[in-house]
Number of protein chains: 4
Amino acid sequence: MHDLLTSPRVRLRRRGADKHPLILKAARTLIAQSGFREAQMTAIAEAAGIAIGTLYRYFPSRTELLVEVVKFTAQREVDVVAGIAMRDGTACERLGMAAWTFASRALRGRRLAHALVAEPVEPEVEAARLTYHRALSRVFRTIIDQGIANGEFPEQDSAASADCIVGCLFEGLVAPLSSEAALAGVPMQSQVTSIISFCLRGVAGTAVAFIPPA
Amino acid sequence: MHDLLTSPRVRLRRRGADKHPLILKAARTLIAQSGFREAQMTAIAEAAGIAIGTLYRYFPSRTELLVEVVKFTAQREVDVVAGIAMRDGTACERLGMAAWTFASRALRGRRLAHALVAEPVEPEVEAARLTYHRALSRVFRTIIDQGIANGEFPEQDSAASADCIVGCLFEGLVAPLSSEAALAGVPMQSQVTSIISFCLRGVAGTAVAFIPPA
Amino acid sequence: MHDLLTSPRVRLRRRGADKHPLILKAARTLIAQSGFREAQMTAIAEAAGIAIGTLYRYFPSRTELLVEVVKFTAQREVDVVAGIAMRDGTACERLGMAAWTFASRALRGRRLAHALVAEPVEPEVEAARLTYHRALSRVFRTIIDQGIANGEFPEQDSAASADCIVGCLFEGLVAPLSSEAALAGVPMQSQVTSIISFCLRGVAGTAVAFIPPA
Amino acid sequence: MHDLLTSPRVRLRRRGADKHPLILKAARTLIAQSGFREAQMTAIAEAAGIAIGTLYRYFPSRTELLVEVVKFTAQREVDVVAGIAMRDGTACERLGMAAWTFASRALRGRRLAHALVAEPVEPEVEAARLTYHRALSRVFRTIIDQGIANGEFPEQDSAASADCIVGCLFEGLVAPLSSEAALAGVPMQSQVTSIISFCLRGVAGTAVAFIPPA
DNA sequence: CATGAATGAGTGTTCATTCAT
DNA sequence: GATGAATGAACACTCATTCAT
């Protein structure tokens with residue numbers, strides 16, 4: 001798969017437990033609870049049960065740390081979705097299942113998903129988030145390309161279609177993520193179903209001519 | 001149309017020009033250049049050529065100011081797109097044109113569009129952003145409903161479809177931000193065309209069955 | 001009587017109504033409601049129904065204005081108490097009545113009394129407050145001196161005794177002024193009676209020898 | 001004794017000296033020099049030779065810091081006076097000595113005493129100041145009650161009498177602040193003697209009837 | 001003269017980062 | 001290596017005062 005985790009992590013010294021994942025987990029928990037804003041270095045250190053100074057032994061700055069949290073969490077999601085994408089079945093089935101899986105998981109960890117999708121502050125973190133979008137898009141594109149190859153889907157700009165699917169999923173998730181009304185959770189399933197149906201039509205539907213104005 | 005601008009602004013000012021739009025413009029320019037983060041009160045005041053105190057004569061707090069920037073900018077875009085939506089033509093044509101118009105305008109001010117779509121931090125600003133998404137979605141939904149009514153589009157969850165279109169457009173705008181390559185601007189038009197085609201297929205395409213797993 | 005109002009008020013121009021007392025009254029009302037802190041120039045101007053600029057035509061600064069409010073209000077109280085002091089009756093009776101009158105009036109306008117007695121911030125306002133204390137003390141001293149002269153009271157440092165009376169009254173007023181508990185108002189009368197009794201004993205009581213340690 | 005210092009100060013500090021008393025002392029010095037008004041966080045930090053941030057490690061806010069200064073300083077004075085109150089001797093002797101001690105100490109640090117007695121602005125600080133008054137009053141009341149019990153003093157409202165003594169002492173300290181003449185300091189001793197004599201007469205003097213008017 | 005919009009120095013507070021122990 | 005006390009730049013916001021209209 002496309003690896004989001006490319007930071008060398010050279011500064012890690014062996015001897016004793018590697019606190020890297022511990023810190024990452026503590027930070028993710030905090031972010032999942034109350035967003036990036038509340039994930040201050042002091043809070044993260046406390047949550048990880050270590051001193052602030054130790055934090056800086058594993059991460060050069062808060063920004064780096066947040067970036068890594070985003071990358072780490074995103075990679076996991078991308079991996080899961082990618083796993084679905086490589087199963088047996090028609091491209092259509094796999095596309096639906098991949099989208100469904102992504103949405104289901106995101107809805108389970110609402111606050112974290114929201115942070116990963118819509119909250120970022122620092123440019124570096126934002127960049128990591130976009131990389132996440134692209135990695136996810138790449139998974140969908142692979143399925144679409146296969147579908148086009150085997151005649152399931154009509155000829156199309158598969159990269160654009162994949163981006164659209166990502167956009168549909170995020171928009172469909174972000175909106176309810178912030179509104180208290182949708183917290184009921186029940187209407188979620190039908191909402192997700194509608195979104196995926198739209199995506200499938202977008203990918204497999206009969207071509208509609210759109211001619212951009214001069 | 002759905003009015004996003006509901007702040008009363010009761011204070012009357014008699015002498016001197018109303019600095020409200022001046023400040024809004026200065027703030028928008030700053031945000032367009034480097035995002036909300038850099039739009040500090042000091043910077044905004046300087047950009048507007050006024051004193052900090054004057055800022056607070058027009059806006060009770062930084063948050064309110066940012067919210068108003070989002071609302072103001074968003075309302076303008078929504079109005080333009082809504083105007084397109086009410087012209088003559090088939091639902092399909094109008095949907096395409098509305099989407100095209102939105103994308104074209106947004107691409108002109110990329111950084112600002114991005115801020116409006118993905119950057120907000122404060123809950124109040126976030127809320128304003130979501131209102132923007134929903135207002136835009138409502139415009140598209142109106143077109144879709146008309147299309148369904150006159151038989152152009154098949155039966156569907158028009159609200160979900162409209163949300164998807166918004167998601168496609170936003171993702172299509174945000175996505176290129178991550179790839180330096182696409183900054184050339186030239187391939188933009190074809191990219192937008194592909195996205196809109198996907199949306200039209202999603203709305204008008206033949207129904208594809210997606211059955212969510214148990 | 002001793003005049004507390006010595007500021008020249010040269011800057012007042014005739015023609016039209018003299019807004020001096022109007023402003024003073026507005027300021028006093030505000031102070032009586034929520035203390036000096038809330039008596040901002042904007043608030044005072046608004047309460048007086050004039051513009052801020054006009055305020056500065058009558059008072060050179062906020063400090064001067066507050067000083068004048070203190071002086072003005074204090075003078076009125078001193079005048080009333082002094083009136084009691086010059087009535088017929090024994091020195092003892094007049095002392096009691098003067099103290100009683102002062103206390104009764106102060107308790108009627110609780111918040112204002114508190115501001116005048118314990119809230120001041122700026123050195124200049126503080127000075128005005130002290131002048132108030134001294135003016136009040138002078139009234140009591142006059143009575144005490146008369147009492148000593150006609151044999152009602154034993155020989156004593158009348159200035160110190162007068163200061164003590166002022167201290168007793170203020171302490172007796174300030175304490176309950178800030179405690180919500182005493183807002184019942186009923187136990188006030190007996191409390192005041194006890195205080196005045198203490199003062200009368202202090203003035204008329206049999207001499208007790210206090211020899212300061214070396 | 002009645003403890004004015006109830007703040008928990010739970011934060012533990014291991015390395016370096018506990019800067020709590022250092023900050024308190026720096027703040028008290030500043031207040032003693034020019035009152036609460038000039039005791040800004042920046043000034044306090046500078047006076048204590050530490051950074052502003054460090055201030056906030058020890059005190060959550062400026063208000064809390066000022067409150068603690070008042071409590072700390074007041075508690076010390078109350079403790080000293082209370083110590084005198086529990087020595088051997090007649091109630092009269094102890095009352096005189098307690099008052100004398102309080103006055104002598106207060107006169108040594110005039111400006112600070114004044115701030116503690118008459119300057120506070122913020123409600124929280126004011127509350128701390130009142131607690132100080134009441135604590136001091138309680139000490140005097142104890143002596144008075146003992147004097148009444150052993151027949152030294154006539155029956156009386158001991159709480160009111162104690163408040164009066166506090167009022168006399170405070171007024172006696174604040175009053176001279178207004179007259180430049182008395183700043184010489186020499187006449188201070190006789191002034192204090194006169195005040196204490198008044199108080200002793202007020203407590204031990206023959207009852208004088210005061211009947212409040214209807 | 002009256003007006004009130006404009007001013008901007010000043011203040012309390014936060015939090016990522018450093019470095020002596 | 002781990003610690004966490006110390007740091008201080010940065011920021012939002014207030015309000016007495018001024019001066020062009």
Side-chain angles (χ1 to χ4, degrees), chain A residues 13-16 19 37-46 49-66 122, chain B residues 11-19 37 39-46 48-65, chain C residues 13-16 19 37-46 49-66 122, chain D residues 11-19 37 39-46 48-65:
Chain A
R13 311 270 176 285
R14 286 286 149 188
R15 169 100 72 169
K19 306 209 172 84
R37 202 57 169 243
E38 299 302 306
Q40 295 134 357
M41 293 306 258
T42 308
I44 295 172
E46 196 174 1
I50 59 171
I52 299 179
T54 309
L55 229 53
Y56 283 87
R57 194 152 278 287
Y58 289 84
F59 299 91
S61 72
R62 179 175 184 262
T63 300
E64 279 291 280
L65 170 48
L66 296 186
E122 319 215 32
Chain B
R11 268 189 288 247
L12 348 157
R13 259 154 259 106
R14 216 154 339 135
R15 256 189 293 296
D18 180 1
K19 304 220 163 63
R37 200 56 172 245
Q40 299 123 350
M41 294 308 258
T42 309
I44 296 172
E46 198 173 359
I50 59 173
I52 296 178
T54 309
L55 234 49
Y56 285 89
R57 176 164 281 282
Y58 290 84
F59 299 91
S61 71
R62 180 177 182 260
T63 299
E64 286 279 295
L65 170 47
Chain C
R13 311 269 175 287
R14 286 286 149 187
R15 168 99 73 169
K19 305 208 173 87
R37 203 56 170 244
E38 299 301 306
Q40 295 135 356
M41 294 306 260
T42 309
I44 295 172
E46 196 174 0
I50 60 172
I52 298 178
T54 311
L55 229 52
Y56 282 88
R57 196 151 276 288
Y58 289 83
F59 299 91
S61 71
R62 179 176 184 261
T63 299
E64 281 288 284
L65 170 48
L66 295 187
E122 317 215 35
Chain D
R11 268 187 287 245
L12 349 157
R13 260 153 258 106
R14 220 160 328 139
R15 256 188 293 293
D18 180 1
K19 303 222 165 61
R37 199 55 171 245
Q40 300 124 348
M41 294 307 258
T42 310
I44 295 172
E46 198 174 358
I50 59 172
I52 295 179
T54 308
L55 233 50
Y56 284 89
R57 176 163 281 280
Y58 291 84
F59 299 91
S61 70
R62 180 177 182 259
T63 299
E64 285 280 295
L65 171 48

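Residue numbers start from 1 in every chain, and the chains themselves are labelled A, B, ... in the order their sequence lines are given, proteins ahead of strands.
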Exercise for the section: When you get a sec, tell me which of E/dA5, F/dT17, F/dA2 is the closest nucleotide to the side chain of B/Y58? Expected result: E/dA5
Practice task
Taking only the side-chain heavy atoms of D/A51 (C-beta and beyond), determine which of E/dT18, F/dG8, E/dG4 contains the nearest atom.
Solution key: F/dG8
Interatomic distance where [atom1] belongs to [X] and [atom2] belongs to [N] [whole Å]:
X: C/Y56; N: F/dT17; atom1: OH; atom2: C1'; result: 5 Å
X: D/R57; N: F/dT7; atom1: CZ; atom2: P; result: 11 Å
X: D/I44; N: E/dT13; atom1: CD1; atom2: P; result: 11 Å

Handout entry: With A/T63 via side-chain hydrogen bond (donor to acceptor under 3.5 Å, both in side chains) - residues at least two apart
Key = A/E122
Handout entry: Straight-line distance of A/L55 CG to A/R62 CZ, nearest 0.5 Å
Key = 11.0 Å
Practice task
Just jot down the side-chain contact (heavy atoms from CB on, under 4.5 Å) partners of D/A51, sequence neighbours excluded, or say none.
Solution key: D/T54
Handout entry: 4.5 Å side-chain heavy-atom contact, B/L65 and B/M41
Key = yes
Handout entry: Short side-chain N/O contact to E/dC1 OP1/OP2 from C/K19, under 4.0 Å
Key = no
Between N or O atoms, less than 3.5 Å apart, protein on one side and nucleotides 9-11 of chain E on the other: list the pairs.
{"residue": "E/dT11", "atom": "OP1", "partner": "D/Q40", "partner atom": "NE2", "Å": "2.5"}

Practice task
Report the residue (A/I50 or D/T54) whose heavy-atom-nearest nucleotide on DNA chain F is the more 5′ of the two.
Solution key: A/I50
Exercise for the section: Using a 4.0 Å heavy-atom cut-off across all strands, classify B/L55 as base, sugar-phosphate, or nothing. Expected result: nothing
Problem - Distance-minimising heavy-atom pair for B/E64 and B/P60 - result: CG-CG, 3.4 Å
Problem - Shortest non-hydrogen separation from C/Q40 to C/R37 and the atoms involved - result: NE2-O, 3.8 Å
Practice task
Mind checking which stems touch DNA chain F? I mean at least 3 consecutive Watson-Crick or G-U pairs, both distances under 3.5 Å.
Solution key: E:2-21 with F:2-21
